[in-house]
Undergrad: 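Structure incoming, see below.
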Amino acid sequence: MMIRKDLREGKYEGVVTRFPPEPNGYLHIGHAKSIVLNFGVAAEFDGRCHLRFDDTNPETEEEEYEKAIIRDIRWLEFDWGEHLYYASDYFERFYGYAVELVEKGLAYVDSQSEEEIRETRGTVTEAGRHSPYRERPVKENLELLERMRAGEFPNGAHVLRAKIDMASPNMKMRDPLLYRIRNVPHYRAGDAWHIYPMYDFAHCLEDAIERITHSLCTLEFENNRDIYDWVLENVSIPRPRPFQTEFARLSLTHTVMSKRKLLSLVKGGFVSGWDDPRMPTLAGMRRRGYTPAAIRKFCEDVGVAKANATVEIERLEHAVRDDLNTKAPRMMAVLRPLKLVIESWPVDEVEWLDASLWPRDVPKEGTRRVPFCKELYIERDDFMEEPARGFRRLYPGSRVRLRHSYIVECTGVEKDEDGNVVEVRVRHDADGSGKKPKGTIHWVSARHAVDVPVRLYGRLFSEPHPESHPDKPYEEFIDKCSLEELTAKGEPELANVESGSHVQLERQGYFFADPTLTEEGRPALNRTVPLRDTWAKVSARAGLEKAAVPDGGRKKAAAEPDEGRPVGEATASAEPASQGAAGRAPLDAEALGLRDAHGLSSEQARLLASRPDLRRFFEAALQVHDAPASVARWVVNEVAALTKHRELEELPITAGGLAELARLVDEGEVAAPAAKTVLDEMSRLGESPREIVERMGLAESVDSTLLEALVREVIAAHPAEADRCRQGKKGLIGFFMGKVMEATGGKASPSDARKLLERHLGG
RNA sequence: UGGGGAGUCGUCUAACGGCAGGACUUCGGCCUUUGAAGCCGACUAUCCAGGUUCGAAUCCUGGCUCCCCAGCCA
């Protein structure tokens, strides 16, 4: 939107964005949002997006990370063409700009210690103090800088600082550091440098050098924008220059996102590495089976705004399921086996059934063969000796459909000496003539089953907001049970699932054949995401209710209207009374005088008293049109709004003009809506109200018969809306008002128009 | 308590001063050889208080809450 405006105004010829990762860690889903945004806007406006490594800190950056980052972005299927850049390739130019600043007297070499610099920076409420080296002569600065570059000093001996303002309320502007000495080699630049540029100096220059137009970054850099602008305004870079715009970074429930915390999860052994499938890293998600398309869709869906926000993980999971639904073929496997014996089936007979790989609503072809015989495995959860209410699966006497196969009826169970059910016995319905069963369960042939290692991944943190507990560190919410490993019994075809491919195990979830663990003919499956499970929710709820029942309460009736009643009291006792006008500070003498002299409201008086410019304007206007009430209203509400972003003095609007306008309205020559148009024009061009009214033909001139006709016309043009309005959707009156006022150019009396509309649409 | 940002359904996110919309979640219903998917429906929101206006999420005033800034990290 903002970009559209820039283009429309001809600020830039095209759009150039960039994704600027620092090669010091792995990319996570939060970076994905930035990637999708940057590449997305470039594509939308037919521009381009650069990939630029912001490698300005040699101490933490490594080629390994660079490689991983490139792999991850490619995996997301974004393409930067030949536009791969490195901040380190610009080091020489940065240095040139630094020299330029020094020569202009806008930067100096500071030889204070790190600690001294920190102490003299001041605090958020106190100004900082000047460095004793601040006025070092240009020549000396140049020499020192040259020697810093040459490696003549130890780390920390000197820094280059911008000379801006040690008293700036923006801490970032208190002579920010531009260069620091680091006598270490850079992973790309080698040992060519002994000084390295700071982010605030380098980033804006990188953008300018690459002719970036829109530099999108996260909210925490808002304070840095002033430096960004300062540097680019003070060095010789090509124009038009880039501008920085901030957006909210992504947070997700049930996880953490900062590099530091992710690293501590790895180091603490809570996960197996950066690519552990529970990690929110792209590498982890890839290994878990999340797809690039799902991640992109998710990033687009959550949108971009400036408000800090935490997106529910369910939303990501939805995107993943939605994508995989049409991409993952269906197969069967039993995670926790229970033997099922078909009493009515011959011992040695095997029937190979054709089973579709896709459900009805996925328009894809393909089947596989599934063997059926006397002994099968079914899921333990699919049998209950004493069925819960609503249980639609196997229990003594029940009938279920075996997926892709026969209907069976449970005839009994076998138990071990401890009373555990070890085998369920059924008879099958050979011709399918019986009535339809309520449920369908999955199964595999015991004889043909293949063992498949399966990892069930859950959320890393049990708490939705692990970082939002002041009294508890996020580590305490790590879910130790977020990984469950087991060996499943799979149908034969499952052995052929290839490394890196997706499959849905029916009724259980989407799984991914882990590329690092899968062997030929023996996939290791990671559960990407479980299927939505309504029954699990229902039974969990039932369990809760049951737990609440023992003390004799009636089933759910008691649980339903929970103890939410105190709400009414709470709101009532919330003492909002202290706020209102009565609760405000009393008017000072000046405001009091204003109020009494002109009969203003306290609010109006308070504003005029606190804004000398508006007060003078108000008083000057009274000289022309002595109607304090209406003039005050215009000044307080409308003129004040105009001064939001511009000084009153800069506005071409005069007190006399405003007074004239107020008079025209008071005397009924111009209707209120039209008067606002006039004011807008006045603030743009500085014409007198009368000139504008004449030029635009805004004098009130809509007589009642004409207005009536207009109203009828507008209603006739929107029959559907009129109907809804008559049926009670009163908000639509506003819709019609808008149309009528538009038709009259704001010249009609709004109250008359509304009356007419209400009469016609009232029924 | 300096400065910079931000407050719209439970959660994200829309709405030239003119119908508070969409998505996720939740809850009903339909359908179903996946308690999935799909389809239909429902619930629920403009931080608060004043003001301007025919009409305010939007403009004005005041207040409240949350986030960011005192790295030689980015």
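When reading the values below, keep in mind they use all heavy atoms of this one structure, side chains included, and skip hydrogens, waters and symmetry mates. Naming convention: chains lettered A, B, ... in sequence-line order (proteins, then strands); numbering from 1 in each chain.
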Undergrad: How would you label the contact of A/R633 with the nucleic acid (heavy atoms, under 4.0 Å): base, sugar-phosphate, or nothing?
TA: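 Since only primed, P, OP1 and OP2 atoms lie under 4.0 Å of A/R633, the category is sugar-phosphate.
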
Undergrad: Would you mind telling me which residue lines up with the more 5' stretch of RNA chain B, A/N637 or A/I733, judged by nearest nucleotide?
TA: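 Residue closer to the 5' terminus by nearest nucleotide: A/I733.
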
Undergrad: Quantified in whole Å, what is the P atom distance between nucleotide B/C30 and nucleotide B/C16?
TA: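 These two P atoms come out 41 Å apart once rounded.
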
Undergrad: Would the base of B/C19 count as contacting A/R724 through its side chain, where contact means a donor and an acceptor less than 3.5 Å apart?
TA: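 Result: at least one qualifying N/O pair found.
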
Undergrad: Say we look at B/G55 and B/G18: how far apart would their P atoms be, to the nearest angstrom?
TA: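 The answer is 14 Å between these two P atoms.
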
Undergrad: Would you say CD of A/E59 has more than 12 non-hydrogen atoms from neighbouring residues, nucleotides or ligands within 6.0 angstrom?
TA: yes

Undergrad: Is A/K755 touching bases, backbone alone, or none of the nucleic acid, heavy atoms closer than 4.0 Å?
TA: nothing

Undergrad: Could you measure between the two P atoms, the one in B/C67 and the one in B/U11, and give it in whole Å?
TA: 16 Å

Undergrad: Quick check on A/K297: does its NZ atom have over 12 non-hydrogen neighbours (other residues, nucleotides or ligands) under 6.0 Å away?
TA: no

Undergrad: Scan A/E114 against the nucleic acid and name what it touches under 4.0 Å (heavy atoms): base, sugar-phosphate only, or nothing.
TA: base

Undergrad: Angle class for the A/Y86/A/F53 ring planes (parallel below 30°, perpendicular above 60°, tilted otherwise)?
TA: parallel

Undergrad: Taking side-chain hydrogen bond (donor to acceptor under 3.5 Å, both in side chains) as the test, write out the residues that go with A/D723, two or more places apart.
TA: none

Undergrad: Tell me if B/G5 is syn or anti. Syn = glycosidic torsion within 90° of 0, anti otherwise.
TA: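 B/G5: anti.
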
Undergrad: What does B/C59 pair with, Watson-Crick or G-U, if both distances are under 3.5 Å?
TA: B/G51

Undergrad: Name the nucleic acid region contacted by A/V636, choosing base, sugar-phosphate or nothing; use a 4.0 angstrom heavy-atom cut-off, strictly under.
TA: sugar-phosphate

Undergrad: Hey, does A/R401 reach any base, or is it just sugar-phosphate, or nothing, if we go heavy atoms under 4.0 Å?
TA: base

Undergrad: Paired with B/C64 by Watson-Crick or G-U wobble geometry, both distances under 3.5 Å: which nucleotide is it?
TA: B/G7

Undergrad: Not counting sequence neighbours, which residues clear side-chain hydrogen bond (donor to acceptor under 3.5 Å, both in side chains) with A/D613? List them please.
TA: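 Scan of A/D613 (side-chain hydrogen bond (donor to acceptor under 3.5 Å, both in side chains), adjacent residues dropped) gives A/R611.
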
Undergrad: Does the side chain of A/I715 come within less than 4.5 Å of A/R726's, by heavy atoms?
TA: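 Yes, close enough: below the 4.5 Å cut-off.
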
Undergrad: Which residues, if any, of residues 176-184 of chain A bring a heavy atom under 4.0 Å of RNA chain B?
TA: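 Within residues 176-184 of chain A, the residues near RNA chain B are A/L177, A/R180, A/R182.
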
Undergrad: Taking the six-membered ring for Trp, are A/Y133 and A/H158 ring centroids under 6.0 Å apart?
TA: no

Undergrad: With rounding to the closest Å, how many angstrom separate the C1' atoms on B/A45 and B/C39?
TA: 27 Å

Undergrad: Using atom C1' of each nucleotide, how far apart are B/A57 and B/C48 to the nearest Å?
TA: 14 Å

Undergrad: For B/G71, take OP1 and OP2 only and decide whether either is under 4.0 Å from a side-chain N or O of A/R174.
TA: no

Undergrad: Would you say a side-chain N or O of A/R541 is under 4.0 Å from OP1 or OP2 of B/C27?
TA: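 So the side-chain polar atoms of A/R541 do come within 4.0 Å of the phosphate oxygens OP1 or OP2 of B/C27, strictly under.
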
Undergrad: Considering only NZ, NE, NH1 and NH2 on the basic side and carboxylate oxygens on the acidic side, decide whether A/D207 and A/R52 come within less than 4.0 Å.
TA: yes

Undergrad: Report yes if the distance between the aromatic ring centroids of A/Y228 and A/F221 is under 6.0 Å, otherwise no.
TA: no

Undergrad: Report yes if some heavy atom in the side chain of A/N57 is under 4.5 Å from a heavy atom in the side chain of A/Y196; otherwise report no.
TA: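 No - every pair of side-chain heavy atoms lies 4.5 Å or more apart.
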
Undergrad: Between A/P750 and A/P197, name the one whose nearest nucleotide on RNA chain B is closer to the 5' end.
TA: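 It is A/P750 whose nearest nucleotide is closer to the 5' end.
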
Undergrad: What integer number of Å spans the C1' atoms of B/C72 and B/G2?
TA: 25 Å

Undergrad: Taking OP1 and OP2 of B/U33, is either one under 4.0 Å from a side-chain nitrogen or oxygen of A/K436?
TA: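 The answer is yes; a side-chain N or O of A/K436 sits under 4.0 Å from OP1 or OP2.
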
Undergrad: Considering every strand shown, what is the Watson-Crick or G-U wobble mate of B/A42 when both distances are under 3.5 Å?
TA: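 Its partner is B/U26 (Watson-Crick or G-U wobble, both distances under 3.5 Å).
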
Undergrad: Under 4.0 Å between any heavy atoms, over every strand shown, what does A/E300 touch: base, sugar-phosphate, or nothing? Just pick one.
TA: nothing

Undergrad: Using a heavy-atom cut-off of under 4.0 Å over every strand shown, decide if A/S630 touches base, sugar-phosphate, or nothing.
TA: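 Touches nothing.
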
Undergrad: If you take atom types as modelled and just measure distance, does the side chain of A/K172 reach the base of B/G3 with a donor-acceptor pair under 3.5 Å?
TA: no

Undergrad: Within less than 4.0 Å of OP1 or OP2 of B/G18, is there a side-chain N or O belonging to A/K739?
TA: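 A/K739 to B/G18 OP1/OP2: no side-chain N or O under 4.0 Å.
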
Undergrad: A side-chain contact here means heavy atoms from C-beta on lying under 4.5 Å apart; do A/M198 and A/L178 qualify?
TA: no

Undergrad: Enumerate, atom names and distances included, each donor-acceptor pair closer than 3.5 Å involving a side-chain atom of residues 304-317 of chain A, sequence neighbours excluded.
TA:
{"residue": "A/K306", "atom": "NZ", "partner": "A/E222", "partner atom": "OE2", "Å": "3.2"}
{"residue": "A/K306", "atom": "NZ", "partner": "A/E246", "partner atom": "OE1", "Å": "3.4"}
{"residue": "A/R315", "atom": "NH2", "partner": "A/D301", "partner atom": "O", "Å": "3.4"}
{"residue": "A/E317", "atom": "OE1", "partner": "A/R459", "partner atom": "NH2", "Å": "3.0"}

Undergrad: Pull out every protein N or O sitting under 3.5 Å from an N or O of nucleotides 9-16 of chain B, one pair per line with the distance.
TA:
{"residue": "B/G10", "atom": "N2", "partner": "A/E312", "partner atom": "OE1", "Å": "2.8"}
{"residue": "B/U11", "atom": "O4'", "partner": "A/E312", "partner atom": "OE2", "Å": "3.1"}
{"residue": "B/U11", "atom": "O3'", "partner": "A/T310", "partner atom": "O", "Å": "3.3"}
{"residue": "B/U11", "atom": "O2'", "partner": "A/T310", "partner atom": "O", "Å": "3.1"}
{"residue": "B/C12", "atom": "OP1", "partner": "A/T310", "partner atom": "N", "Å": "3.3"}
{"residue": "B/C12", "atom": "O5'", "partner": "A/T310", "partner atom": "O", "Å": "3.3"}
{"residue": "B/C12", "atom": "O2'", "partner": "A/V302", "partner atom": "O", "Å": "2.9"}
{"residue": "B/C12", "atom": "O2", "partner": "A/R315", "partner atom": "NH1", "Å": "3.2"}

Undergrad: Under 4.0 angstrom, heavy atoms only, what part of the nucleic acid is A/D200 near: base, sugar-phosphate, or nothing?
TA: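 Nothing, no nucleic acid heavy atom in range.
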
Undergrad: Does A/F736 reach a base, just sugar-phosphate, or nothing at all? Heavy atoms under 4.0 Å.
TA: nothing

Undergrad: Report, as yes or no, whether the 6.0 Å neighbourhood of atom CZ on A/R249 holds more than 12 heavy atoms from other residues, nucleotides or ligands.
TA: no

Undergrad: Walk me through it: do A/Y406 and A/F372 pass the test ring pair (Phe, Tyr, Trp, His ring centres under 6.0 Å)?
TA: CA-CA 9 Å; A/Y406 299 95; A/F372 184 90; 5.2 Å; yes

Undergrad: Could you give the distance separating B/U61 and B/A6 at their P atoms, to the nearest angstrom?
TA: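 Their P atoms lie roughly 16 Å apart.
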
Undergrad: How would you label the contact of A/S601 with the nucleic acid (heavy atoms, under 4.0 Å): base, sugar-phosphate, or nothing?
TA: nothing

Undergrad: Can you check nucleotides 35-42 of chain B for protein contacts, nitrogen or oxygen pairs under 3.5 Å, and list what you find?
TA:
{"residue": "B/G35", "atom": "OP1", "partner": "A/R507", "partner atom": "NE", "Å": "3.4"}
{"residue": "B/G35", "atom": "OP1", "partner": "A/R507", "partner atom": "NH1", "Å": "2.7"}
{"residue": "B/G35", "atom": "O2'", "partner": "A/T534", "partner atom": "N", "Å": "3.4"}
{"residue": "B/G35", "atom": "N7", "partner": "A/R393", "partner atom": "NE", "Å": "2.8"}
{"residue": "B/G35", "atom": "N7", "partner": "A/R393", "partner atom": "NH2", "Å": "2.6"}
{"residue": "B/G35", "atom": "O6", "partner": "A/R392", "partner atom": "N", "Å": "2.7"}
{"residue": "B/G35", "atom": "O6", "partner": "A/R393", "partner atom": "NE", "Å": "3.4"}
{"residue": "B/G35", "atom": "N1", "partner": "A/G390", "partner atom": "O", "Å": "2.9"}
{"residue": "B/G35", "atom": "N2", "partner": "A/G390", "partner atom": "O", "Å": "3.4"}
{"residue": "B/G35", "atom": "N2", "partner": "A/R392", "partner atom": "NH1", "Å": "3.1"}
{"residue": "B/A36", "atom": "OP1", "partner": "A/T534", "partner atom": "OG1", "Å": "2.7"}
{"residue": "B/A37", "atom": "OP1", "partner": "A/R532", "partner atom": "NH1", "Å": "3.4"}
{"residue": "B/A37", "atom": "OP2", "partner": "A/R532", "partner atom": "NH1", "Å": "3.3"}
{"residue": "B/A37", "atom": "O2'", "partner": "A/N325", "partner atom": "ND2", "Å": "2.9"}
{"residue": "B/A37", "atom": "O2'", "partner": "A/D361", "partner atom": "OD2", "Å": "3.1"}
{"residue": "B/A37", "atom": "N3", "partner": "A/D361", "partner atom": "OD2", "Å": "2.9"}

Undergrad: Report which part of the nucleic acid A/G156 touches: base, sugar-phosphate, or nothing (heavy-atom distance under 4.0 Å, all strands).
TA: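 It contacts base atoms.
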
Undergrad: Using side-chain heavy atoms (C-beta onward) and a distance below 4.5 Å, is A/F19 in contact with A/H31?
TA: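 Contact flag for A/F19/A/H31 side chains = yes.
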
Undergrad: Could you give the distance separating B/U58 and B/U8 at their C1' atoms, to the nearest angstrom?
TA: 11 Å

Undergrad: Heavy atoms under 4.0 Å, any strand shown: does A/M198 hit a base, just sugar-phosphate, or nothing?
TA: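 Touches sugar-phosphate only.
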
Undergrad: Can you find a donor-acceptor N/O pair under 3.5 angstrom joining the side chain of A/N223 to the base of B/G5?
TA: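 By the distance-only test, no, there is no pair.
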
